[in-house]
J.: 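First, the structure itself, so that you have it in front of you.
Residue numbers begin at 1 in each chain, while the letters A, B, ... track the order of the sequences.
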Amino acid sequence: MDHIKRLEAQSIYILREAYRKFGKLGMLWSIGKDSTVLLWLAKKAFFGHCPFPFIHVDTSYQIPEMIAFRDKTAEEYKFDLIVHKNEEALKKGMGPEKGRLVCCKALKTEGLSQVTEKYGFEGLILGIRRDEEGSRSKERVFSIRNRDSEWDYTNQPPELWDQFNTDFPKGYHIRIHPILHWDEIDIWEYIKRENIPLVDLYFAKNGRRYRSLGCAPCTGTFESTATTIQEIIDELKNTKESERSGRAQDQEDSYAMQKLRKDGYM
Amino acid sequence: MKKTREVLRIVVVGHVDHGKSTVIGRLLCDTKSLPDGAVEKVKRISKESGKPFEFAYLLDAFEEEQKQGITIDTTQLQFKTDKRDYVIIDAPGHKEFLKNMVSGAASAEAALLIVDAEEGIQEQSKRHGYILSLLGIEKINVVVSKMDLIDYSEEKFNTIKKDIKEFFSSLDMSVSEFIPVSGFLGENIAAKSDKMPWYKGGSVLDALDKFETEKGLYDKELRLPIQDVYKFDNRRIITGRIESGSLKAGDEILIAPTNKVTRVKTIEHWSELDKTDRAYAGMSIGITLEDEFFNKRGEIICHKTNLPLIGDILDVNLFWLGKETLNKSKKYKLKLLTQEVECEVLAISKIIDASNLETIENRDVIKTNDVAEVSIKTSHKICFDTFSQNPNTGRFVLVDGYTVAGGGIVKGIKEKQKAFSRFMKDGTKMSVSCFEDYFYMVGEGTIKLAANNVRDYDVGEVIAIKGETYSYPENFNIIDLHSGYAAKVRGAELKDIIEIDTLEFDYFPSVNVKGAYIKLYSQKDLDDFKQDYEAMDTGDHNKLAEFANKWLVFVRYRTIKYR
C-alpha cells in the first residue's frame, strides 16, 4: 500500500468510527479542497451513500463562485445540505470592517455554534489538517468541545492506537478530524488520482490563483501560472510560502488562530 | 510512473529542557522544510516578548508554550530527505504532560531520545524510554544535545552513552546510534560536524535514514475486526480495517469468538478505481459473506487455521495517565480493536517507578504516570493476540468515565480459573465467595454472579463485611462443610481459621462460604447440619436443593440488586 492509499484508509476508518459512535452527526463542508476531499472520502466509506447531513456555515461574504459550486455539487451528489447563516449578526451589519477576528467569531464560530445547537449535533466532522497552522497541529482526531463549543487545548486526553475518545458528557460535542494527518500536497495528489471535481478558483486565471478559500474580503490570490492539478503540485513542491498566507484573519495576531479555535472556530 | 515515497513517523522524546524542540526546529530549518512565514513569525514573537530567537517556538505554537518555554502538547511536522519523507512528532518532556507524550509516541515507528550533555540521563529520559518499550517502539536513536556546553567532550559523551546503554539493556532494548549534537548551533544535525573529530558516526539525518520501515504486517495471520455492518441498499456490507494479514474473495473465514464459518463473497467498492478481489493489512474494506449470520461490531474475522486467543482474564503491562488513581474495585471500559467491554483490575502484581525501574512496594492503587503489571478481568470474553505475537491486536486502552486514561499491551492469557477471596492462616487457605455480588439482569431475566472484591485476608486483617449486595454482622462464623474449615470473624476482623470438628456452637450467627445464613440455634443444630451433609450424595442436585432449603436462608445478610 502506498502513502496516499494509507492516508485514505485511515480517514475512512475514522469516518466509520464517527458514524458508528454518534447518532447526531454532521459534516462541515466549506466548499474548499479539503472538505471536498472529505466529501469524497465519505462517499467511499459508505459505498456511495451519505448517511449524515453536510453543513455549510454561510457568512454571506464567500467568493460567489464557491456558492455556485456548492449548489451544483449538492444537486449532483444528492446529499442533505444544511446552509446556516448567523442572521442576527448579519442584520446588525457584521462584516470584516468591524475587525477581522470579531467578524470570524460572529459569522463562523457563532454560526457553527448555532447550527450545532439547533440540530443537536453530537459529532461534527471537519476537514482541518495538522500542517495548516500551529494550533491545528496540536489537535486530536476526536476532540471534545464543551457546551459553549470551547476547546480546552491545555488538557487534551491521550489518543493512542486509533482508540478515540468517543464518550462525552451530555451537551458536549466531539469534533472529528479525519484528514488531520494529510498535508497540502497529499490533498492535491489525491484529487488528481481520484479525479475529484473542485471549484475552479484554485486554478490560475490571468496569472493569479487562490491557494486557500474563505470569505472574499479576507482571502487573497497569489501569482501563479498553475492551471492543472499537476502544475499546482509542482508549484507547491517548490514554494516556501505558507498555505494560509492569503488568509487575512491569521495575520491579525500571533495567536489569532489559537484564540479563534479555543472558542470553537473550525 | 513515479513511485510514491516512503514515510517514516518519528517521535522525539526526552526530559524537559533537554532540547527536543530545538533539535527538531534545527532539523526543519536545515532541511529547508519551513514555509517562509514560519521563521518570520517566530522572529516577530521573539521581538514582541523580548526574548532571543528560539527554534523551539516553531513547534510550540500555543501562546502558553512560548511564554513559558515548554511544550504542552505534541506537534507533527514533516521534512524530506533524499531517501524518504518524515513525519516528526514533538512530544512534551514535562512530567505533567506525559499523556501527550504517549499520544505522540503511540503513532510513531521510531524514536529519537534527546539527552542533555550537561545533565545526562534524567527521570523523564528513563520514563520515556520505558514507555517506548511498552509501546513496542524498537527503533531508537539517542541524541546527546548541547554538546557545545561541554566543549564537545568525548569523555563526557562516553559516560552518558554508558549510562543510557545500561538503562536500555535492563529493559531488553537496544539503541541503534548515539549522536553528539548541538541543536542551537546545528552541529551534527543535518550535516556531519567538524567540531567532534573523535566521533566517527553520521549526523542525526544520516542515522534516521538508516532505519528500515516495517513490512511485517502483511505476512502475519489475518485479523479483520468488524467495525460496522451497513445495509444502505440490498447489500449487507461488513466493514473494518485489516490489522494484519490479507484476504481475498472466496476465502473460507471464521468469525471469532462465535466460531461461525463462511466464505467471503465479494470485496465491495464505490469508485471503479478501488475494484479488487484482494485486500491487505492497513486497508479499510467492506465485504459481503456467503452466509448472512447476525454479525456485529467487535467480532474478528480470521482464517480458520490461525485463531486469536479468547479469554476474560488478561495479563498485561499497563501505563496509567488518568487524573484519578486506578483502583481494583472500580469498573473501567476496555477497548481492544473494535471490542468494548467492562473490566476491572483483578490483581496488581507489580507497580514500577518508570524513572528508576524500581518496584514500588505496599501499594494497592496505581497512580498517575505509574507503570504496572496487572491482571485484568473483562465482563465477557474477548479476542486478542499477545503483543509479541501481533502488536496491532495485542494492545488496548482503558476508559475512565469519559476519557481514555491508560493503555497497555497484552502479555498473556490466564487459563480459566475461578477467582475467590481467600482466608489464610499459616499454611491453611480457605476459599470464600461471600464477597461476591448477585444481580438480577433486567435484560435477560436471570440472576448473575459477579466475582468482585477478590483478595486474600490474613488472620488479624479487617474484612469488608459490607458490600453492594451484602452486609454481614461484625461477629459471625463462616462454615465450609466442603473443605472442613470454619472461619471466625470478630469485630469485623478475621480472628481465626479452625478445623470444623473443633468448632463449637457459640451463639454467633453463621453463614456458608457463599454468604447464606445457616439456621443454627444450638449445638444440636450444628451437629445435625454436619451430619446431614455427610450423609448426602453431593452430586445429586435435588438432594442439595433439599438440604439448602432446610438449612439456609439466602437473603438474611444478602440481597439481589437489579442491573
Side-chain angles (χ1 to χ4, degrees), chain A residues 1-6 8-13 16-17 19-20 40 43-49 51 130-131 133-135 137-138 140 144 153-154 156-169 172 180-181 183 189 193-195 239-245 254-255 257-259, chain B residues 3-7 32 34-38 41 44-45 48 61-64 72-78 85 87 99-100 102-103 106-107 135 227-228 230 232-233 235 237 239 241 268-271 273-274 280-284 286 297 321 333 335 395-397 399 401-405 407:
Chain A
M1 230 176 20
D2 64 30
H3 174 56
I4 298 285
K5 211 67 199 155
R6 209 177 302 141
E8 180 196 59
Q10 173 74 354
S11 300
I12 289 174
Y13 184 80
R16 287 177 178 163
E17 280 301 278
Y19 176 59
R20 171 74 194 202
W40 189 265
K43 288 288 238 182
K44 278 205 180 187
F46 307 108
F47 302 96
H49 300 267
R130 284 210 172 98
D131 72 324
E133 52 85 27
S135 74
S137 77
K138 306 249 174 189
R140 298 286 193 260
I144 196 162
Y153 57 86
T154 57
Q156 301 196 74
E159 184 168 78
L160 52 155
W161 304 324
D162 291 346
Q163 294 292 1
F164 305 112
N165 280 286
T166 50
D167 301 282
F168 57 96
Y172 283 47
L180 198 59
H181 53 301
D183 70 19
E189 298 266 14
R193 164 138 98 190
E194 299 282 326
N195 199 15
T239 185
K240 288 191 79 192
E241 197 69 34
S242 81
E243 181 180 1
R244 291 179 63 90
S245 55
S254 297
Y255 305 105
M257 284 307 272
Q258 175 185 343
K259 286 170 183 164
Chain B
K3 202 175 165 288
T4 313
R5 283 163 58 86
E6 191 179 83
V7 178
K32 303 190 173 30
L34 293 167
D36 274 350
K41 189 177 168 188
R44 189 170 75 223
I45 292 166
E48 281 169 9
F62 287 144
E63 187 172 3
E64 293 81 348
I72 292 173
D73 212 329
T74 166
T75 312
Q76 308 204 359
L77 292 148
Q78 315 188 3
D85 294 353
V87 175
K99 62 186 169 62
N100 297 339
V102 170
S103 296
S107 65
L135 293 171
Q227 189 177 12
D228 214 339
Y230 297 148
F232 294 124
D233 42 43
R235 298 169 293 178
I237 301 175
T239 63
R241 180 176 56 195
E268 292 296 322
H269 63 275
W270 171 62
S271 144
L273 219 58
D274 299 329
Y280 303 93
M283 289 169 78
S284 286
R297 178 180 167 97
L321 307 164
K333 183 156 79 179
K335 290 182 168 187
R395 60 196 182 190
F396 63 91
V397 299
V399 180
Y402 296 116
T403 51
V404 171

J.: Can you find a heavy atom in the side chain of Ile12(A) that is under 4.5 Å from one in the side chain of Met283(B)?
T.: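 Counting from C-beta outward, Ile12(A) and Met283(B) never come under 4.5 Å.
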
J.: Please look at Asp162(A) and chain B and tell me whether the side chain, the backbone, both or neither of the residue comes under 4.5 angstrom of a heavy atom of that chain.
T.: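 Just the side chain, heavy atoms under 4.5 Å.
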
J.: Distance only, no hydrogens: is a donor on one side chain within 3.5 Å (strictly under) of an acceptor on the other, for His49(A) and Asp233(B)?
T.: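 Result is yes, a qualifying pair exists.
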
J.: Rounded to the nearest 0.5 Å, what separation is found between the OG atom of Ser284(B) and the CZ atom of Arg16(A)?
T.: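 Taking OG in Ser284(B) and CZ in Arg16(A), the distance rounds to 5.5 Å.
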
J.: With only heavy atoms counted, which part of Val399(B) is less than 4.5 Å from chain A, the side chain, the backbone, both or neither?
T.: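 For Val399(B), side-chain heavy atoms alone lie under 4.5 Å from chain A.
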
J.: Would you check, one step at a time, whether the test side-chain contact (heavy atoms from CB on, under 4.5 Å) holds for Trp161(A) with Leu135(B)?
T.: CA-CA 10 Å; Trp161(A) 304 324; Leu135(B) 293 171; 3.3 Å; yes

J.: Please state whether the rings of Phe46(A) and Phe232(B) are parallel, tilted or perpendicular, taking 30° and 60° as the class boundaries.
T.: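 Answer is perpendicular, since the angle exceeds 60°.
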
J.: Do you know which of Leu321(B), Val87(B), Ile237(B) has the most heavy-atom pairs with chain A at a distance under 4.5 angstrom?
T.: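 Winner by heavy-atom pair count: Ile237(B).
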
J.: Mind listing the closest non-hydrogen atom pair of Lys333(B) and Asp167(A) along with its distance?
T.: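 Looking at all heavy atoms of both residues, the closest pair is NZ-OD1, 2.9 Å.
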
J.: Do Thr239(B) and Phe47(A) come close enough that some side-chain heavy atom pair is under 4.5 Å?
T.: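 Side-chain contact under 4.5 Å: yes.
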
J.: Roughly how far, to the nearest 0.5 Å, is the CH2 atom of Trp270(B) from the CH2 atom of Trp40(A)?
T.: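 These two atoms lie 4.0 Å from each other.
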
J.: Run the salt-bridge test on Arg297(B) and Glu17(A) with the 4.0 Å N-O cut-off and return the result as yes or no.
T.: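 The answer is yes: the pair qualifies as a salt bridge.
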
J.: At a heavy-atom distance under 4.5 Å, which candidate from Arg395(B), Glu268(B), Lys32(B) has the highest pair count against chain A?
T.: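 Ranked by heavy-atom pairs under 4.5 Å with chain A, first place is Arg395(B).
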
J.: Ion pair present between Arg20(A) and Asp228(B), side-chain N to carboxylate O less than 4.0 angstrom?
T.: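 Here Arg20(A) pairs with Asp228(B) in a salt bridge, since their nearest N and O are under 4.0 Å apart.
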
J.: Can you confirm whether the side chains of Thr166(A) and Lys335(B) place a donor and an acceptor under 3.5 Å from each other?
T.: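 Result is yes, a qualifying pair exists.
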
J.: Run Glu159(A) and Val404(B) through side-chain contact (heavy atoms from CB on, under 4.5 Å) and show every step you take.
T.: CA-CA 7 Å; Glu159(A) 184 168 78; Val404(B) 171; over 6 Å; no

J.: Does this structure show an ion pair linking Asp274(B) with Lys5(A), if we count only N-O contacts that are shorter than 4.0 Å?
T.: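 A salt bridge is present here (some side-chain N lies under 4.0 Å from a carboxylate O).
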
J.: Using only atom types and a distance under 3.5 Å, with no angle test, would you say the side chain of Gln227(B) pairs donor to acceptor with the backbone of Tyr13(A)?
T.: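 Side chain of Gln227(B) to backbone of Tyr13(A): a pair is present.
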
J.: For a quick test of reading the model, state the closest non-hydrogen atom pair linking Val397(B) to Leu160(A) and the distance between them.
T.: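 It is CG1-CG, 3.9 Å.
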
J.: Side chains of Arg241(B) and Gln10(A): is there a donor and an acceptor less than 3.5 Å apart?
T.: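 Short answer, yes.
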
J.: Given a strict heavy-atom distance threshold of 4.5 Å, which part of Thr403(B) is in contact with chain A: side chain, backbone, both, or neither?
T.: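 Both parts, backbone and side chain.
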
